[in-house]
2 protein chains.
Amino acid sequence: MPWRDGTGPPWWHGKFRGCGYRLTASRQAILDVLSKTSKHLSAEDIYLKVHKIYPAIGLTTVYRTLELLVQTGMVFKFDFGDGKARYELSEGPRSIGHHHHLVCTGCGRIVDYTDFIDDEIELLNQTEKGLSKKYNFKITNHLIQFYGLCYRCQNIK
Amino acid sequence: MPWRDGTGPPWWHGKFRGCGYRLTASRQAILDVLSKTSKHLSAEDIYLKVHKIYPAIGLTTVYRTLELLVQTGMVFKFDFGDGKARYELSEGPRSIGHHHHLVCTGCGRIVDYTDFIDDEIELLNQTEKGLSKKYNFKITNHLIQFYGLCYRCQNIK
DNA sequence: TTTATTAATGATAATGATTGTCATTAACAT
DNA sequence: ATGTTAATGACAATCATTATCATTAATAAA
Ligand SMILES: [Mn+2]
Ligand SMILES: [Mn+2]
Ligand SMILES: [Zn+2]
Ligand SMILES: [Zn+2]
């Protein structure tokens, strides 16, 4: 199975073609930006970055592409409470894998964490199983966020 | 300890006075609505309900009051992905206590669940302790949501 | 109880993230 | 190379939320 190391054609080539979607310059540029950052970018953040290397793109296309990427599971969409959605690549060579977030309610700082994920997975699997049966829900995803104050914001009087 | 049963003066009387906030008719009406429902109401939902018994109220005041109630911890604010914030009383005689949510991505249905809360509390306490130390965060709150399809939406082809 | 202080309110306008429209472009199967 | 039509970009529209500001009323002082 070639190209698993990211040295060949971009790993998402097949993702699009397989679903009948066209691989356009806009979509490649957006995925490029997402795959080169560890930040949690808003649609406008992404637009501004893409615009530098592909000035023809429009903000509307960024929104449409992000919606598509979220629907197909390639990107996660988050709400951290600052009024704009944030996006993050869900998989690929550069992603840190399954993780959750610490959100500072003082300054908005976001910390990715992967600690306790094993214990968490076990509890969540059990919980998902129980909830699926009890409420007849087909669970596909979950969200965990911790809120608090980062080290900076704790020391502001 | 009187009034624990909700038969005396509203339990939130002291909450306001203690913080230096005035207990106005608007605020009482909003808390009344929130304490009489188990739904997850938007600001406009609340406005419409309050308006029936207190027509002088404005939507702006509903937003301002909700912000105050969230800041003081009396109300929780949620984003279930439908573009408007949802509010829920965090404590009081009628609240079901600490719980989390199942969100149907098909129709938006919300289910409160309290199952596995004990196991969850244990894992989260441990996680919070670990994350607090590792990332120097003072954690105050957490959010857990499961996403999936409710029994209705599973059977739509 | 009357009065003074000022937090709270409501009408209205403004904001800003996101979505809808539609003529034009370009990806890709043939 | 060509045709089909998904995708795009410019622009307008939507709509939840926030800002402004003159007026009202909750509370404490007299
Ligand atoms: Mn992240
Ligand atoms: Mn609830
Ligand atoms: Zn902070
Ligand atoms: Zn449903």
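Convention: sequence-line order gives letters A, B, ...; per-chain numbering from 1. The shown structure was predicted, so the numbers you read here are calculated from the model rather than taken from an experiment.
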Is the closest side-chain heavy-atom distance between [X] and [Y] below 4.5 Å?
X	Y	value
B/Asp112	B/His101	yes
A/Val103	A/Val111	no
A/Phe137	B/Tyr151	no

On DNA chain D, compare the nucleotides closest to B/Asp82 and A/Leu68; which residue's is nearer the 5' end?
A/Leu68
Kindly give the atom pairs (protein nitrogen or oxygen, nucleotide nitrogen or oxygen) under 3.5 Å for nucleotides 16-19 of chain C.
unit_1, atom_1, unit_2, atom_2, d
C/dT18, OP1, A/Ala85, N, 2.9
C/dT18, OP2, A/Tyr63, OH, 2.5
C/dT18, O5', A/Tyr63, OH, 3.4

Sugar-phosphate or base contact per nucleotide [nucleotides 25-30 of chain C; S, B, -; heavy atom under 4.0 Å]
--BSS-
Remember a base hit wins even if backbone is also touched, and classify B/Arg27 as base, sugar-phosphate or nothing at under 4.0 Å, heavy atoms.
sugar-phosphate
Is the A/His142 to B/His100 ring centre distance short of 6.0 Å?
no
Would you mind checking if B/Asp45 and B/Lys49 are paired as a salt bridge, meaning a charged N to carboxylate O distance below 4.0 Å?
no
Answer yes or no: is there an ion pair linking A/Arg86 with A/Asp79, defined by an N-O contact shorter than 4.0 Å?
no
Kindly check if the number of other-residue, nucleotide or ligand heavy atoms within 6.0 Å of CD (A/Glu122) is above 12?
no
Have a look at B/His40 and tell me which of B/Tyr87, B/Phe76, B/Phe80 forms a ring pair (Phe, Tyr, Trp, His ring centres under 6.0 Å) with it.
B/Phe80
Any donor-acceptor N/O pair, A/Thr72 side chain to A/Leu68 backbone, under 3.5 Å
yes
Would you say the side chains of B/Glu88 and B/His99 form a donor-acceptor pair under 3.5 Å?
yes
How would you give the extent of chain A contacts on DNA chain D, as first and last nucleotide 5' to 3' within a 4.0 Å heavy-atom cut-off?
D/dT5 to D/dC11
